[in-house]
Structure formats: structure tokens, C-alpha cells
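In this chain, residues are counted from 1 in sequence order.
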Amino acid sequence: MGGTCLQFFGFISSVIGWIGVLVATTTNDWVLTCDYSINTCRKLDELGSRGLWADCVISVGLYHCKPLADILTLPAHIQAARALMITSSFLGLPAVFLLLSAMPFIRMGHDPGAEKHKRFRLGGILIVILALCTIIATIWFPVSTHRETTIVTFGYSMYAGWIGAAFCLFGGSVIVCCAGEFHAFMENRFYYSSQGSGSPTHAKSANV
């Protein structure tokens with residue numbers, strides 16, 4: 001029972017984290033920048049918002065963005081952050097599928113516990129890799145941006161990336177280190193058998 005709870009907890013944490021990574025990847029409010037001093041920008045209420053896909057100007061009644069469409073002229077840290085975040089987003093697809101298909105309450109034909117164990121462990125490894133890619137991108141981007149301009153504060157996209165990476169790292173670690181024991185799958189694997197043509201079909205534990 002404890003193993004099943006850890007499996008489920010790791011899965012839910014990983015899914016929540018992946019959603020946070022998707023939000024960070026698809027939105028543009030990573031850092032708020034200022035071309036003047038911080039006090040001047042606050043008085044003028046004019047800030048810049050910089051992300052992976054556009055540079056924006058934020059002021060009273062105005063939110064204007066310039067897309068970063070020319071890949072060849074982009075700084076290296078933006079290109080690297082894009083690649084890492086896109087990789088993280090796409091890694092979540094097979095990872096979530098592997099974790100879901102390996103849950104104890106999911107059964108696909110003749111599915112031995114050893115195969116579920118392998119899929120669950122592989123899904124956890126992909127989640128950890130996803131988290132590490134996100135952590136690198138969300139640290140590299142603001143550090144490199146701060147060398148070019150003054151960062152006033154971080155935007156919600158950055159916080160979504162950090163929170164998502166933390167959930168994925170925690171969930172993936174739980175899956176790989178704590179919830180990947182073979183006996184947990186064997187204890188929770190059930191199959192249906194029929195004893196004779198007139199006997200009712202009932203569930204039996206694999207350990208019986």
C-alpha cells in the first residue's frame with residue numbers, strides 16, 4: 001500500500017510540474033527589465049518584459065511586444081534556453097504516458113510486473129531530465145540577461161518554470177528512488193480468472 005501511494009504521489013507531482021514547465025515555455029513574462037534606474041522606471045511606470053519569444057514594453061495602457069523571430073541574430077542564451085525548454089516540454093509527453101501506463105490500476109493485456117517496473121522507472125528518469133533542463137534554462141536566462149540590462153524582478157513565467165522544475169525533480173526522484181521497487185508492482189497486480197464455465201469471475205491477487 002505504501003509503495004502504491006508513493007507511485008501515485010510521484011505521478012501527480014510530475015504532472016503538476018510538467019504543466020508548470022509548459023506554462024513557462026509558452027508564455028513570455030520571464031524577467032522585467034529597465035533601461036534607466038529602477039526608481040525612474042517605477043516613477044514612469046515603464047518597464048520591459050523579456051522572454052524566450054518576444055521583447056515587450058509595459059506602460060500605462062500599453063503592452064507592445066516585438067517578436068524575436070530572427071533566430072540567427074538571437075543571443076546564444078536565448079537560443080539555448082529555447083532549446084532546453086522545448087526539450088523539457090516534449091519529454092513530458094512520453095514520460096507521463098509511461099508513468100500512467102505503469103500505474104497499478106492500469107492494465108493493458110498480459111502486462112507483467114517487471115515490464116511495469118521498467119516503464120515506471122524510465123518515466124521517472126525522463127521527468128528528472130526534464131527538470132534538470134528546465135533548471136538550467138531558468139537560471140542561465142536571467143543571469144545572461146542581467147549582463148545586458150538591469151533586471152527589476154522576475155515574471156510569472158520564470159516562477160512557473162522554477163515551481164514546475166521543483167515539482168518534477170521531486171516527483172521524478174520519488175519515482176526513481178522510492179517507488180520503483182519490483183515488489184510494489186507485484187503486490188498490486190491483479191488478474192481475472194474463471195473457475196469453470198459456471199463459476200463467477202472474480203479478482204485474485206498475483207501473490208495468491
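Residues Val31 and Trp140 fall into different hydrophobic clusters, defined by Ile, Leu, Val, Met, Phe, Trp and Tyr side chains chained together at heavy-atom separations under 4.5 Å. Side-chain heavy atoms closer than 4.5 Å link hydrophobic residues (I, L, V, M, F, W, Y) into clusters, and following such links, even through other members, never connects Ile136 to Ile127. The hydrophobic cluster containing Phe154 does not contain Val57, counting ILVMFWY residues as joined when their side-chain heavy atoms lie under 4.5 angstrom apart, directly or transitively. Hydrophobic clustering places Val143 together with Ile135 (ILVMFWY residues linked when any side-chain heavy atoms are closer than 4.5 Å, directly or through intermediates). A single hydrophobic cluster is seen to contain both Val21 and Leu100, as judged by linkage of ILVMFWY side chains at heavy-atom distances under 4.5 Å, directly or through other members.
Scanning both residues, Arg50 and Asp55, for their nearest heavy atoms gives CG-OD1, 3.1 Å. Contact between Leu91 and Ile129 at its shortest, heavy atoms only, is CD1-CG2, 3.8 Å. Gly124 approaches Ile175 most closely through the heavy-atom pair CA-CG2, 3.7 Å. The minimum heavy-atom distance between Leu68 and Ile78, with the atom names listed, is CD1-CD1, 4.2 Å. Between Leu74 and Arg82, the shortest heavy-atom distance links the atoms CD1-NH1, 3.4 Å. The shortest non-hydrogen separation linking Val176 to Ile125 is CG2-N, 3.7 Å.
When each of Thr27, Asp29, Thr138, Asn28 is checked for a side chain to side chain donor-acceptor pair (under 3.5 Å) with Ser157, only Thr27 meets the rule.
Looking at heavy atoms from C-beta onward, Met85 lies in side-chain contact with Thr134 at the 4.5 angstrom threshold. Side-chain contact check for Ser14 versus Leu99: some heavy-atom pair is nearer than 4.5 Å.
In this structure Trp30 satisfies the ring-ring contact (aromatic ring centres under 6.0 Å, His included) test together with Phe141, sequence neighbours excluded. Leu22 meets the side-chain contact (heavy atoms from CB on, under 4.5 Å) test with Trp18, Ser89; sequence neighbours excluded.
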Report the C-alpha separation of Phe97 and Arg119 in whole Å, then their side-chain angles, then the decisive distance to 0.1 Å, and conclude whether the side chain to side chain contact (heavy atoms under 4.5 Å, CB included) test is met. CA-CA 9 Å; Phe97 174 76; Arg119 291 202 303 271; over 6 Å; no
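Within 6.0 Å of the OH atom in Tyr156, the count of heavy atoms belonging to other residues, nucleotides or ligands exceeds 12.
Note that the OG1 atom of Thr26 and the CD1 atom of Ile86 stand 11.0 Å from one another [nearest 0.5 Å]. From Leu84, atom CG reaches atom OG1 of Thr25 across 10.0 Å, with rounding to the nearest 0.5 Å.
In this pair, Tyr159 and Trp162 present their aromatic rings perpendicular. The plane angle is above 60°, beyond the 30 to 60° band.
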Check: residues 163-171 side-chain donor-acceptor pairs under 3.5 Å, at least two apart:
none

